[in-house]
Amino acid sequence: MAALASSRTTFFFSPVSPQPKPRRISRLVRMAYQENGPSLAVVGVTGAVGQEFLSVLSDRGFPYSSIKMLASKRSAGKSVHFHGQEHIVEELTADSFDGVDIALFSAGGSISKKFGPLAVEKGTIVVDNSSAFRMDENVPLVIPEVNPDAMKGIKVGTGKGALIANPNCSTIICLMAVTPLHRHAKVLRMVVSTYQAASGAGAAAMEELVQQTREVLEGKPPTCNIFRDQYAFNLFSHNASVLSNGYNEEEMKLVKETRKIWSDASVKVTATCIRVPVMRAHAESVNLQFENPLDEDAAREILKNAPGVVIIDDRAANQFPTPLKVSNKDDVAVGRIRQDISLDGNKGLDIFICGDQIRKGAALNAVQIAEMLL
């Protein structure tokens, strides 16, 4: 396990993962420390996504002149190692953003609502990973490969602060693959079933999955602090609150965020979100109904050329995307590309998508947004 447990006093910028970490890195900025670069702050730096922020910033050589490591009072004083230097975590306060150009937030919605606007008032551009501002009509909701124009005019160096929202991880992973197809044939209806990893609930959930697995294999009752249901060797409906319409909040995020990102209130979206005992990387089964015909061969060619997407679709070998194949990787993998036989005229497709929730579903997407600010 990487050093994310709260009992430790030193944090490293490698994410929690039991697997080796091969990465497919592209489109790097490749500058790192630069005297005239922007000043950065990472809010929630000791959490799983906060640690991944540092990993992505390092991997992509993001230019910076200074960086603040910010977290709760409980974490203040701990050490974070980044780019060969030790940084002391500071307590997040209203004064934390003096002189900060870009702040990457991943500390929960309540923290974002309190400190995000304060940072903006001081001229900081905030890239927020929570759901706090996603559906605010005045805040752009951005996937750089999908709708970069949504943040047009927001740049470092203007002296003006701004809020930019990172979409939900499931939305990002889904739309990375579906948007290129939508642009070609126009999606009328999308049915999404998600299989979501422990990483979506943070470092504590990842650690509990490991602990429960050991306990169950040893014949002990599992420790259930994060989820009420046993997680190891089980799956259950996503733990988000269930709304009056029977959908949970996670499912409605997919509905609402897709419509906002595509600027299309008419697209029909329905979702069922499930937690599965996977360490990191979400999987999604997606059924698409199009306005215009799109056959599977044309879809493969479109996806082959889509930025940030790779195809794993070997029917003969029965090899398709899996969470392990995409863990710690930047790209979203797509497979099981096939015509929907329940629809006539090549107007339906089924696809299966896997993407690393902590990386492209959170930290990488936010850092890509930050790169667009330069």
Whether R134 side chain and N129 backbone form a donor-acceptor pair below 3.5 Å = yes

query = Under a 4.0 Å N-O cut-off, is there an ion pair linking E249 with K253?
reply = no

task = Could you tell me whether the side chain of T124 and the main chain of V120 form a donor-acceptor pair under 3.5 Å?
result = no

query = Is the closest side-chain donor-acceptor distance between R280 and N328 under 3.5 Å?
reply = yes

query = Does a donor on one side chain and an acceptor on the other come within less than 3.5 Å for Q34 and N36?
reply = yes

inquiry  = For the residue pair T93 / D95, report whether a side-chain donor-acceptor contact shorter than 3.5 Å exists.
reply    = no

key: Validation row: V142, P148 side chains within 4.5 angstrom (heavy atoms)   = no

inquiry  = Check this for me: does any side-chain nitrogen of one of R275 and D229 sit under 4.0 Å from a carboxylate oxygen of the other?
reply    = no

ask   = Hey, does the side chain of E208 reach the backbone of I226 with a donor-acceptor pair shorter than 3.5 angstrom?
value = yes

message = What I want to check is whether the side chains of N365 and N166 have a donor and an acceptor closer together than 3.5 Å.
response = yes

ask   = Does a donor on one side chain sit under 3.5 Å from an acceptor on the other, for Y195 and S285?
value = no

inquiry  = Can you see whether S327 engages D356 through a side-chain donor-acceptor pair at a distance of less than 3.5 angstrom?
reply    = no

E251 side-chain N/O to N248 backbone N/O, donor-acceptor pair under 3.5 Å = yes

request  = Kindly state whether the ring of F62 and the ring of F82 have centres lying under 6.0 angstrom apart.
outcome  = no

query = Is the closest side-chain donor-acceptor distance between Q289 and D340 under 3.5 Å?
reply = no

request  = Look at the side chain of E284 and the backbone N and O of I353, then say whether any donor-acceptor pair between them is shorter than 3.5 Å.
outcome  = no

request  = Say whether, by atom type as modelled, one donor and one acceptor occur between the side chain of D149 and the main chain of K152 under 3.5 angstrom.
outcome  = no

query = Above 12 or not: heavy atoms from other molecules or residues under 6.0 Å from CG of L217?
reply = yes

key: L141 backbone acceptor or donor facing N147 side chain under 3.5 Å   = yes

key: Any I172 side-chain heavy atom under 4.5 Å of C169 side chain   = no

message = Within the 3.5 Å criterion, strictly below it, is a donor on Q211 or E207 matched to an acceptor on the partner's side chain?
response = no

inquiry  = Distance alone, cut at 3.5 Å: any donor-acceptor contact between the side chains of Q196 and S170?
reply    = yes

